[in-house]
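For reference, positions follow the sequence shown, starting with 1. As the structure lists them, so they are numbered: ligands from 1, and atoms in each ligand from 1. Excluded from the calculations below are hydrogen atoms, water molecules and symmetry mates; all remaining heavy atoms, backbone and side chain alike, are included.
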Amino acid sequence: MYSSARAYSPVASAPADAVSDAALDAAFLGPLAENAELLENLVVGALRDHVYWRRNFHPHDAAFISAGARYSPEYQTLVARTEHVLRRLAADLKDSAPWFSPRYIGHMASDLLIPGVVARFLALLYNPNNVSLDAGGPMLRAELEVGSQLARMVGYATNLDAPIRAWGHLTSGGTIANVEAIWRLRAVRLLPLAVARAVQALNIAVPTNSAPGHFLANATDWKLANMSTSDALALRRIVYEYTAQQGGSTAVAELHKAVESFRVENQGMADFLAETDISAPVVVAPYSAHYSWSKAMKLLGLGGKHLIGVDVDDHMRMSPTALRECLSSLAERQTPVIATIGVLGTTEFGTFDPINEIVAERAKRALNGQAFGVHVDAAWGGYLATLFRNPDGSMRPRDSLRSEYRYFPTSPVYEAFAALAETDSITIDPHKLGFIPYPAGAFVARDRRISALLSEAAPYVFDKADATFTLDEVRDEDLGRYIIEGSKPGSSAASVYAVHEVFPLHAAGFGTLLRRTILASEWLHDQLLVLAAEIADRATLIIPFEPDCNVVCLAVNPLGNRKRVVMNRFMRALFDTMRIRPDAPLQLLEFVGSYTSISAERLKPAVRNSVAARLGLASGELDSNGDGIFLLRHTLMNPWLLAGDPSPLEMYVRFLREQVETLLVEGPDDLPSGAGGS
Ligand SMILES: Cc1ncc(COP(=O)(O)O)c(C=O)c1O
């Protein structure tokens, strides 16, 4: 039986702390595979260790593959076929995006941390399946420890004596973690309605002189759908306890069966809503949210139209005013809100929503009977929380952080990270800013009890001796019963665990690596402004939204051009110079970038008009439907972007300038004659 005392704990001799900047030289294979020998030694070491493990299991067993078998023609043929297929695969893989290179500044991917790669390979040989302790063994414990590490990184409590204790686990990525968030928050928000209906159906008379009895006797469906997580779980527990006192184990078993049958997970949305006075519940998210949110709504049967968009401001962050208006209008229509989503690192711009404003708004509204969950989609920005943490887990003061950067963290960014501890749950992707191989996402809940709510085996144990229950416990050894996925790679857990152990999740550990990415972005930001000034007599270059972290976008409009379509043609031609093409060798590319767009539907008029005006486009050019404004997007993850003389980023800015100037002269033939000299 799994006991928490045996939970995975850091290697006693491992230094808890600092990773110096110079130590990062040992962290990656490197752009020219400089650490090939190191990686080879570690991989071969891992393989040998595994070989010894097999041989020492039952060393005297007979060998089934005899030494002589290796010389048989059949054996040789199969080896040859294997080699042939692997060589072909290796050739195909040469068309992959060169994520390892500092010349790659496109999508959210970079080189991989060596401990993560080797741990993945090492664990792969054992093929642990983290669906359960039986199948995943120590790697399931490693996974749950990773969940706790990530929880502490964002400020959730994990100590056994904490009144509310966090729980987290790995997923295949941010998408599944986001789906899981809505799945869990819907379960808890709608639970009190099921409890009330079960109490009614079974004629259980909870005395009205008790708080829950009074509440149940008077609660409308709207009130039931607006309880806090703690109150919802407490209501169920109190009703169970009362029933147990009155009718013993038979009565409580009957109640439990009834509650489970009335829950939305059993009824389905249509039947569940048909029996209530509330309208279909919604999820509130900024227009900048990732498309996985729309997927989540559709997948869970909540309906894409019930994902309610909130306007973003001119920093591409959720507007608190728009959020307030949205929540007020939902309250007026008695529409329950399952959750408000804040994004910590938008996919396109890396901008951060004001999590502090979202949790403050929730606290205010709870007093007026409107409650909702708060989930943070920090698939991208989650690991940046390390920059804000001291080794002892406390939050670093903003001043001490500010002294290391030019702009980071702005006050809104600092406040957003400081408020993370007050949210309900969070998505963090180790396979993004964790520099860990796919697949590795994570879902972390502040209150582990919400995880038990969705167990496939009812987590309900009645103790006859003292008439108590185990209702809210997650049985960690049966992970697969509590999450969306079933069989899942324990090798992912090994990978994330090894990285977190080598690079502890605080500013002096993992933060050393992420600091480089922020410094690179600040450098690029400043140099783009210099470039903008240098080419101002021929083109207008803007950074549409000030970067909050390490994603920087830009747009260029040839001077005198007022039309969006012409500008987009120019931008596409510019992107063509850094786009991977299936028909051309990768080596022909100097740099590899990515693109995004600002579309009219996702921006309120004031913001899009301001962007259009800064670019010199005619007013109304961003109002029409179409593909919006085409932008170059740079994700700055590679640790060597500012290394060397000239640095890769210096070379990139030079390259960008050359391409812009060439296109102004030779580019799309409908540019105004003032642009770049005809
Ligand atoms: C903010 C955000 N959320 C969710 C996701 C989805 O993550 P995944 O691709 O790992 O499923 C992404 C992916 O880029 C993202 O940027």
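For the residue pair Asp111 / Trp640, no side-chain donor-acceptor distance below 3.5 Å is found, with atom types taken as modelled. Between the side chains of Asp447 and Thr229, no donor-acceptor pair is found at a separation under 3.5 Å. Counted by atom type alone, Asn129 and Ser487 present one or more donor-acceptor pairs between their side chains at under 3.5 Å. For the residue pair Arg120/Ser492, the side-chain donor-acceptor check at 3.5 Å is satisfied.
In this structure, Gly345 is part of the shell of residues with a heavy atom less than 4.0 angstrom from ligand 1.
Counting protein heavy atoms only, atom 15 (C) of ligand 1 is closest to Thr347 OG1, 3.4 Å. The protein heavy atom nearest to atom 11 (O) of ligand 1 is Thr175 OG1, 2.6 Å. For atom 6 (C) of ligand 1, the closest non-hydrogen atom on the protein side is His290 CE1, 3.3 Å. What sits closest to atom 7 (O) of ligand 1 on the protein, heavy atoms only, is Lys432 NZ, 2.9 Å.
His315 has its ring centre no less than 6.0 Å from the ring centre of Phe349. Taking the six-membered ring where the residue is Trp, the centroids of His525 and Tyr407 are separated by under 6.0 Å. Within the 6.0 Å centre-distance limit, the rings of Phe352 and Phe417 are counted as a close aromatic pair.
Geometric assessment of Arg633 against the ring of Tyr595 yields a negative cation-pi assignment under the 6.0 Å and 45° thresholds.
Taking all heavy atoms of Asp377, Val179, Val376 into account, the minimum distance to atom 1 (C) of ligand 1 is reached by Asp377.
Residue contacts with ligand 1: Met108 is placed with no nitrogen or oxygen under 3.5 Å of a nitrogen or oxygen of the ligand (distance criterion only). By the 3.5 Å distance cut-off applied to N or O atoms, Thr346 is not counted among the residues near ligand 1. For His431, a nitrogen or oxygen atom sits less than 3.5 Å from a nitrogen or oxygen atom of ligand 1, counting backbone and side chain alike. Residue Ser292 has no N or O atom closer than 3.5 Å to an N or O atom of ligand 1.
Those atoms of ligand 1 that come under 4.0 Å of a heavy atom in Asn178, given as number and element, are 3 (N), 4 (C). Interface atoms of ligand 1 facing Gly173, defined by a heavy-atom separation under 4.0 Å, are 10 (O), 11 (O).
Using a 4.0 Å cut-off between heavy atoms, Asp429 contacts ligand 1 through its side chain alone, with no backbone atom that close.
Just one of Arg362, Arg184, Arg446 meets the side chain to side chain donor-acceptor pair (under 3.5 Å) condition when paired with Asp424; it is Arg362.
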